[in-house]
Asker: 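The structure under discussion is supplied below as structure tokens; questions concerning it will follow.
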Amino acid sequence: MSEGIEAFRERVYLAGRELYRDLPWRCTRDPYAIWVSEAMLQQTQVSRVDGRWQSWLDRFPSVDALAAATSADVLAEWQGLGYNRRALALWRAAQEICERHAGVMPQDEADLRALPGIGPATAAGIRAFAFDLSGVYLETNVRAVFLHELFPGAEGVPDSALRPLVAEACPDDSLAIAGADVPCSPRTWYYALLDYGAHLKRTLPNPSRRSRENVRQSRFEGSHRQKRAVLVRLLLAAGVEGVSVADAALELTEFEAKAGRAAVTEAAASGILEELAAEGFCHEVASGCWVV
């Protein structure tokens, strides 16, 4: 551990502890519950996840319960959080955990990353917050802290420059920090980074925008993503009766018309349904209708 990184860790940890947010998913060590929170928090504000996380766990309280659910139940519970692919990835990963790991969330990074929807950041988050294991948890708030503190004014900083520093700064074990209310461990260290990073993004020009990996989220209103979301809701509401291509086109056209946008053709609606089917959201039945 270099002297500079050690001083950085102490400074950031104290700042983060002062800004600590008492969030509900921080009151558990259950790896399943933490995994769900990590999936929900991707590109979604904390305020939107608080409440939805609790509702999800009420409905699917364990990996086994999620694996046994239907895709329709999973998608219905996810509605309003956006990026429906995340819900299906959770469901498929739960099934793999039951099949390959006897229903027990793995701790090994490679085993976690082999599961659908779990990338390096999510795997590191599960390991840190559930098992207090070190790793490189590089997400937007963490990135903001390292850019603000260690790369002031630099533009286009690549994650390849940050990862070694993130790895070095994360403690392997519990460390006493003078002036801190709790020892610094992987779990408390990353909580401090998240809270300090959230503070920086609220009070300064967002430091993470100086990252080479920073990508502005595409406009949702009127987008292809929004049309997909409308059809997923329509499919869920229709249940076993299904949705015809004509009904899908009519629903999308009515939705677009309210915003003053052009009608959606049956060919376009059919293309979206086929796209959703290829991703496992729905399938076509003999009647020519589409069902979840």
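Position 1 is the first residue of the sequence; numbering continues from there. A quick note: this is a predicted structure, and the numbers were derived from the prediction, not measured.
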Asker: Side-chain contact, heavy-atom cut-off 4.5 Å: L252 with I272?
Answerer: yes

Asker: Identify the heavy atoms of L112 and A123 that sit nearest to each other, and give their distance.
Answerer: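 Minimum heavy-atom separation between L112 and A123: CD1-O, 3.8 Å.
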
Asker: Donor-acceptor pair, R127 side chain versus S134 backbone, under 3.5 Å?
Answerer: yes

Asker: Indicate, with yes or no, if L204 and F8 share a hydrophobic cluster defined by side-chain heavy-atom contacts under 4.5 Å among Ile, Leu, Val, Met, Phe, Trp and Tyr.
Answerer: yes

Asker: Return yes when atom CD of E221 has more than 12 non-hydrogen atoms of other residues, nucleotides or ligands closer than 6.0 Å, and no otherwise.
Answerer: yes

Asker: Under a single-linkage rule joining Ile, Leu, Val, Met, Phe, Trp and Tyr whose side-chain heavy atoms are separated by less than 4.5 Å, which residues share a cluster with V291?
Answerer: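 Besides V291, the cluster holds V285.
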
Asker: Backbone N or O of G135 within a donor-acceptor pair of the Y190 side chain at under 3.5 Å?
Answerer: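 Present.
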
Asker: For residues L14 and V145: do they belong to one hydrophobic cluster (side chain heavy atoms under 4.5 Å, members Ile, Leu, Val, Met, Phe, Trp, Tyr)?
Answerer: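 The answer is yes; both residues are in one hydrophobic cluster.
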
Asker: Just by modelled atom types, is the I34 backbone N or O under 3.5 Å from a matching donor or acceptor in the S37 side chain?
Answerer: yes

Asker: For residues T188 and P183, determine if any side-chain heavy atom of one lies less than 4.5 Å from a side-chain heavy atom of the other.
Answerer: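 T188 vs P183: side chains apart.
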
Asker: With a 3.5 Å cut-off and no angle check, do the side chains of D111 and Q107 form a donor-acceptor pair?
Answerer: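 The answer is no; no qualifying pair exists.
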
Asker: Test Y191 against every option in Y13, W25, F129 by the ring-ring contact (aromatic ring centres under 6.0 Å, His included) rule and name the one that passes.
Answerer: F129

Asker: In the structure I gave you, are the side-chain heavy atoms of H101 and V63 within less than 4.5 Å of one another anywhere?
Answerer: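 A side-chain contact under 4.5 Å is absent here.
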
Asker: Show your working on salt bridge (Lys or Arg N to Asp or Glu O under 4.0 Å) between D132 and R187 and close with a plain yes or no.
Answerer: CA-CA 5 Å; D132 223 356; R187 176 180 165 101; over 6 Å; no

Asker: I want to check something: taking the side chain as every heavy atom from C-beta on, are E109 and L133 in contact at a cut-off of under 4.5 Å?
Answerer: no

Asker: Can a donor-acceptor pair be found, under 3.5 Å and without considering hydrogens, that links the side chain of W53 to the backbone of A33?
Answerer: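 Yes, because the side chain of W53 sits within donor-acceptor range (under 3.5 Å) of the backbone of A33.
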
Asker: Out of curiosity, does I5 fall in the hydrophobic cluster containing I177 (side-chain heavy atoms, cut-off under 4.5 Å, transitive links)?
Answerer: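 I177 and I5: one cluster.
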
Asker: Would a distance-only check, ignoring hydrogens and angles, find a side-chain to backbone donor-acceptor pair under 3.5 Å from R26 to R21?
Answerer: yes

Asker: If we only count heavy atoms from C-beta on, is the L235 to F281 side-chain gap below 4.5 Å?
Answerer: no

Asker: Atom CG in N141, atom CG in N206: separation rounded to 0.5 Å?
Answerer: 8.5 Å

Asker: For the side chain of E77 and the backbone of V74, is there at least one donor-acceptor N/O pair under 3.5 Å apart?
Answerer: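 Not confirmed, E77 side chain does not pair with V74 backbone.
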
Asker: Is the NZ or CZ atom of R17 positioned over Y20's six-membered ring, under 6.0 angstrom from the centre and within 45° of the axis?
Answerer: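 Yes; both conditions hold, so R17 lies above the ring face of Y20.
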
Asker: Is it true that a side-chain atom of R48 and a backbone atom of M40 form a donor plus acceptor pair closer than 3.5 Å?
Answerer: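 Flag not set: sc R48 to bb M40 has no pair under 3.5 Å.
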
Asker: Could you walk me through whether D159 and L162 pass side-chain contact (heavy atoms from CB on, under 4.5 Å), step by step?
Answerer: CA-CA 5 Å; D159 278 358; L162 299 181; 3.8 Å; yes

Asker: Do S62 and D64 have side-chain atoms, one donor and one acceptor, less than 3.5 Å apart?
Answerer: no

Asker: Could you measure the distance from the CH2 atom of W78 to the CH2 atom of W56? Nearest 0.5 Å is fine.
Answerer: 6.0 Å

Asker: Counting distance only, does the side-chain N/O of R86 pair as donor-acceptor with the main-chain N or O of A39 below 3.5 Å?
Answerer: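 Confirmed, R86 side chain pairs with A39 backbone.
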
Asker: So, taking the atom named CG in L41 and the one named CG in D50, what distance separates them when rounded to the nearest 0.5 Å?
Answerer: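 It comes to 9.5 Å.
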
Asker: Flag the pair E279 and R228 as a salt bridge only when some basic side-chain nitrogen lies within less than 4.0 angstrom of an acidic carboxylate oxygen.
Answerer: yes

Asker: Side chain of W91, backbone of A69: donor and acceptor closer than 3.5 Å?
Answerer: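 Flag set: sc W91 to bb A69 pair under 3.5 Å.
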
Asker: In the single-linkage hydrophobic clustering (I, L, V, M, F, W, Y; side-chain heavy atoms under 4.5 Å), do L234 and F220 co-cluster?
Answerer: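 L234 and F220: separate clusters.
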
Asker: Kindly determine whether T44 and R52 satisfy side-chain contact (heavy atoms from CB on, under 4.5 Å), including the steps that lead there.
Answerer: CA-CA 11 Å; T44 306; R52 298 303 305 275; over 6 Å; no

Asker: With rounding to the nearest 0.5 angstrom, report the CG to CG distance, N84 to L236.
Answerer: 8.0 Å

Asker: Looking at residues at least two apart in the chain, or sitting in another chain, which of them share a side chain to side chain contact (heavy atoms under 4.5 Å, CB included) with P61?
Answerer: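 If we apply the side chain to side chain contact (heavy atoms under 4.5 Å, CB included) test to P61, skipping adjacent residues, the hits are A65.
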
Asker: Could you measure the distance from the CH2 atom of W189 to the CG atom of L193? Nearest 0.5 Å is fine.
Answerer: 4.5 Å

Asker: For the residue pair H224 and E275, establish whether any side-chain heavy-atom pair is separated by less than 4.5 Å.
Answerer: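 Yes, at least one pair of side-chain atoms sits under 4.5 Å.
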
Asker: Search all heavy atoms of A67 against all heavy atoms of Q95 and return the closest pair with its distance.
Answerer: O-NE2, 3.6 Å

Asker: Minimum heavy-atom separation for P207 and A144, please, with both atom names.
Answerer: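 For P207 and A144, the tightest heavy-atom pair comes out as CB-O, 3.5 Å.
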
Asker: Looking at every non-hydrogen atom in both residues, tell me the closest pair between V243 and D247 and how far apart they are.
Answerer: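 What the structure gives for the nearest pair is CG1-CB, 4.1 Å.
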
Asker: Can you tell me how far apart CZ (R143) and CG (L138) are? Round to the nearest 0.5 Å.
Answerer: 4.5 Å

Asker: Of all the heavy-atom pairs spanning A167 and V136, show the shortest one and how long it is.
Answerer: CB-CG2, 3.6 Å

Asker: Measuring only between side-chain heavy atoms, which start at C-beta, is P186 closer than 4.5 Å to P171?
Answerer: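 A side-chain contact exists here, since the closest heavy-atom pair is under 4.5 Å.
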
Asker: Please assess S270 against E274 for the test side-chain contact (heavy atoms from CB on, under 4.5 Å), listing each intermediate value before the final yes or no.
Answerer: CA-CA 6 Å; S270 177; E274 291 173 359; 3.5 Å; yes

Asker: How about F255 and V264: do any of their side-chain heavy atoms sit closer than 4.5 Å?
Answerer: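 A side-chain contact is absent here, since even the closest heavy-atom pair is not under 4.5 Å.
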
Asker: Near D173 CG, under 6.0 Å, is it more than 12 heavy atoms from other residues, nucleotides or ligands?
Answerer: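 12 or below, so no.
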
Asker: Please table the atom pairs, donor to acceptor, closer than 3.5 Å between any side-chain atom in residues 147-158 and protein atoms at least two apart or in another chain.
Answerer:
residue: E149; atom: OE1; partner: R11; partner atom: NE; Å: 3.0
residue: E149; atom: OE1; partner: R11; partner atom: NH2; Å: 2.9
residue: E149; atom: OE2; partner: Y196; partner atom: OH; Å: 2.6

Asker: Can any side-chain N or O of Q226 pair as donor or acceptor with the backbone N or O of G222 at less than 3.5 Å?
Answerer: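 Yes; at least one donor-acceptor contact below 3.5 Å.
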
Asker: Does atom CD of Q79 have more than 12 heavy-atom neighbours, drawn from other residues, nucleotides or ligands, at distances under 6.0 Å?
Answerer: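 Yes, enclosed.
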
Asker: V46 and L19: same hydrophobic cluster, using ILVMFWY side-chain contacts below 4.5 Å?
Answerer: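 Not linked; separate clusters.
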
Asker: Would V142 and L194 satisfy side-chain contact (heavy atoms from CB on, under 4.5 Å), going step by step from the backbone distance to the final call?
Answerer: CA-CA 6 Å; V142 173; L194 290 171; 4.1 Å; yes

Asker: Please find the pair of heavy atoms, one from L115 and one from P106, that lie closest to each other, and give the distance.
Answerer: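 So the two residues come closest at CD1-CG, 4.3 Å.
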
